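The block underneath contains the structure these notes are about, expressed in structure tokens.
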Amino acid sequence: MAFSGGLRLTDLNDYITPGQECIKPVEIKKTGRSDGSQIKLGTEGEYYEVSKDGEETKLEKARITLNDCLACSGCVTSAETVLITMQSHHELLSVLEENRRLRSSSQGDQAKHVVVTISPQTRASLAVKYRLSTVSVAKRLTGILKQMGVDYVFDSAFTRDLTLVESAREFVQRYSSSEGQVGDGRSLPVLASWCPGWVCYAEKTHSEVLPWMSTTKSPQQTMGSV
């Protein structure tokens, strides 16, 4: 399996080398009939099969190599744990509370600027949930966030348009440089790169498609740049 070289450029020890293995707790081969046996968990996490007579047989663990990995991100690494913690609502409330403390003590120049981006999907979901229009939801969300201490509230629909324009520009540029030849390994086809899950999957399992990956940022990344 070919892994992207970019995955190794990190100071966190999350990269799984081919010598390491993901491990499922237990694998039981079914015989088609039940003899009344039960599964027992040992004190150190090992599994035993206990027969009707009380005889215990230690079960082997099912091991999965990197060739079996689908890059589903089901196993949360320490890097992902850090990201989840840094982007939680607890972190946001903590920053807003600290800003209020600084501003109340005449230290407003040390307060952080808090910017919130709202996606169209969020507005649509809340509109359906509370039977409101998307415009009404946007106004209410903006008002609530501003009352909480958020400095700026933006709608990512704006940067979605910018991303579409940039994607079209990149496609035209690649098409012109390749003279319409598909599969030259440099220009065409152009694969979308908006979804982080798809990019992660491609980097881990299909690095051969990376040259065709679009370099256009996602709407969320574009909003961060703007």
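What you see below is based on every heavy atom in this structure, not just the backbone, and it leaves out hydrogens, waters and symmetry mates. Keep in mind that what you see is a predicted model, and the values were worked out from it rather than measured.
- Residues Ser214 and Glu170 share a closest heavy-atom pair of OG-OE1, 2.7 Å.
- To the nearest 0.5 Å, the span separating OG on Ser167 from CH2 on Trp194 amounts to 5.0 Å.
- Under a 3.5 Å cut-off, the side chain of Ser94 and the backbone N or O of His90 do not form any donor-acceptor pair.
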Taking only distance into account, with no hydrogens and no angle test, what donor-acceptor pairs under 3.5 Å do side-chain atoms of residues 218-226 form with protein atoms, sequence neighbours excluded?
{"from": "Ser218", "atom 1": "OG", "to": "Gln221", "atom 2": "N", "distance (Å)": "3.3"}
{"from": "Ser218", "atom 1": "OG", "to": "Gln221", "atom 2": "OE1", "distance (Å)": "3.4"}
{"from": "Gln221", "atom 1": "OE1", "to": "Ser218", "atom 2": "N", "distance (Å)": "3.1"}
{"from": "Thr222", "atom 1": "OG1", "to": "Thr163", "atom 2": "OG1", "distance (Å)": "3.4"}
{"from": "Thr222", "atom 1": "OG1", "to": "Ser218", "atom 2": "O", "distance (Å)": "2.9"}
{"from": "Ser225", "atom 1": "OG", "to": "Lys217", "atom 2": "NZ", "distance (Å)": "2.9"}
{"from": "Ser225", "atom 1": "OG", "to": "Gln221", "atom 2": "O", "distance (Å)": "3.2"}

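- Across all non-hydrogen atoms, the minimal contact from Val209 to Ala202 is CG2-CB, 4.0 Å.
- Under the 4.5 Å side-chain criterion, counting only non-hydrogen atoms from C-beta, Ser119 is not in contact with Arg160.
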Next item on the list: Assess whether side chain to side chain contact (heavy atoms under 4.5 Å, CB included) is satisfied between Glu55 and Val50, documenting all intermediate values.
Entry: CA-CA 6 Å; Glu55 182 180 354; Val50 183; over 6 Å; no
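- The line from CD of Glu98 to CG of Leu96 is 11.0 Å long, rounded to the nearest 0.5 Å.
- In this structure, NZ on Lys139 lies 10.5 Å from OG1 on Thr134, to the nearest 0.5 angstrom.
- Val128 and Leu132 are assigned to two separate hydrophobic clusters, defined by single-linkage of ILVMFWY side chains at heavy-atom distances under 4.5 Å.
- Atoms OG and CD, from Ser177 and Gln173 in turn, are 6.5 Å apart once rounded to the nearest 0.5 Å.
- Within 6.0 Å of CD on Gln121 lie more than 12 heavy atoms contributed by other residues, nucleotides or ligands.
- Salt-bridge check for Arg101 with Glu97: failed, with every basic side-chain N at 4.0 Å or more from each acidic carboxylate O.
- Glu49 and Thr57 form no side-chain donor-acceptor contact under 3.5 Å, judged by distance and modelled atom types alone.
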Next item on the list: Report the C-alpha distance between Thr122 and Ser125 in whole Å, list the side-chain angles of each, state the deciding distance to 0.1 Å, and finish with yes or no for side-chain hydrogen bond (donor to acceptor under 3.5 Å, both in side chains).
Entry: CA-CA 5 Å; Thr122 301; Ser125 298; over 6 Å; no
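- Criterion: ILVMFWY side-chain heavy atoms under 4.5 Å apart, direct or through other members. Under it, Leu141 and Tyr130 are part of a common hydrophobic cluster.
- In this structure a side-chain-to-backbone donor-acceptor pair under 3.5 Å is present from Trp212 to Leu188.
- Across every non-hydrogen atom of Val190 and Phe171, the tightest pair is CG2-CD1, 4.0 Å.
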With a 3.5 Å cut-off and sequence neighbours excluded, list the donor-acceptor pairs that the side chains of residues 147-158 form with protein atoms.
{"from": "Asp151", "atom 1": "OD1", "to": "Arg103", "atom 2": "NH2", "distance (Å)": "3.4"}
{"from": "Asp151", "atom 1": "OD2", "to": "Val114", "atom 2": "N", "distance (Å)": "2.7"}
{"from": "Asp155", "atom 1": "OD1", "to": "Ala157", "atom 2": "N", "distance (Å)": "3.0"}
{"from": "Asp155", "atom 1": "OD2", "to": "Arg123", "atom 2": "NE", "distance (Å)": "3.0"}
{"from": "Asp155", "atom 1": "OD2", "to": "Arg123", "atom 2": "NH2", "distance (Å)": "2.9"}
{"from": "Ser156", "atom 1": "OG", "to": "Ile118", "atom 2": "O", "distance (Å)": "3.4"}

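- If you chain together hydrophobic residues whose side chains sit under 4.5 Å apart, Leu210 and Val199 fall into the same group.
- Put simply, Val116 and Leu126 are part of the same group of oily side chains (I, L, V, M, F, W, Y) that touch within less than 4.5 Å, one to the next.
- In this structure, Met213 and Ala192 approach most closely via the heavy-atom pair SD-O, 3.4 Å.
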Notebook entry, point to check: Can you check side chain to side chain contact (heavy atoms under 4.5 Å, CB included) on Val137 and Ser133, steps first, answer last?
Noted result: CA-CA 6 Å; Val137 169; Ser133 67; over 6 Å; no
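- Counted within 6.0 Å of CZ on Arg140, heavy atoms from surrounding residues, nucleotides or ligands total 12 or fewer; the atom is thus considered open.
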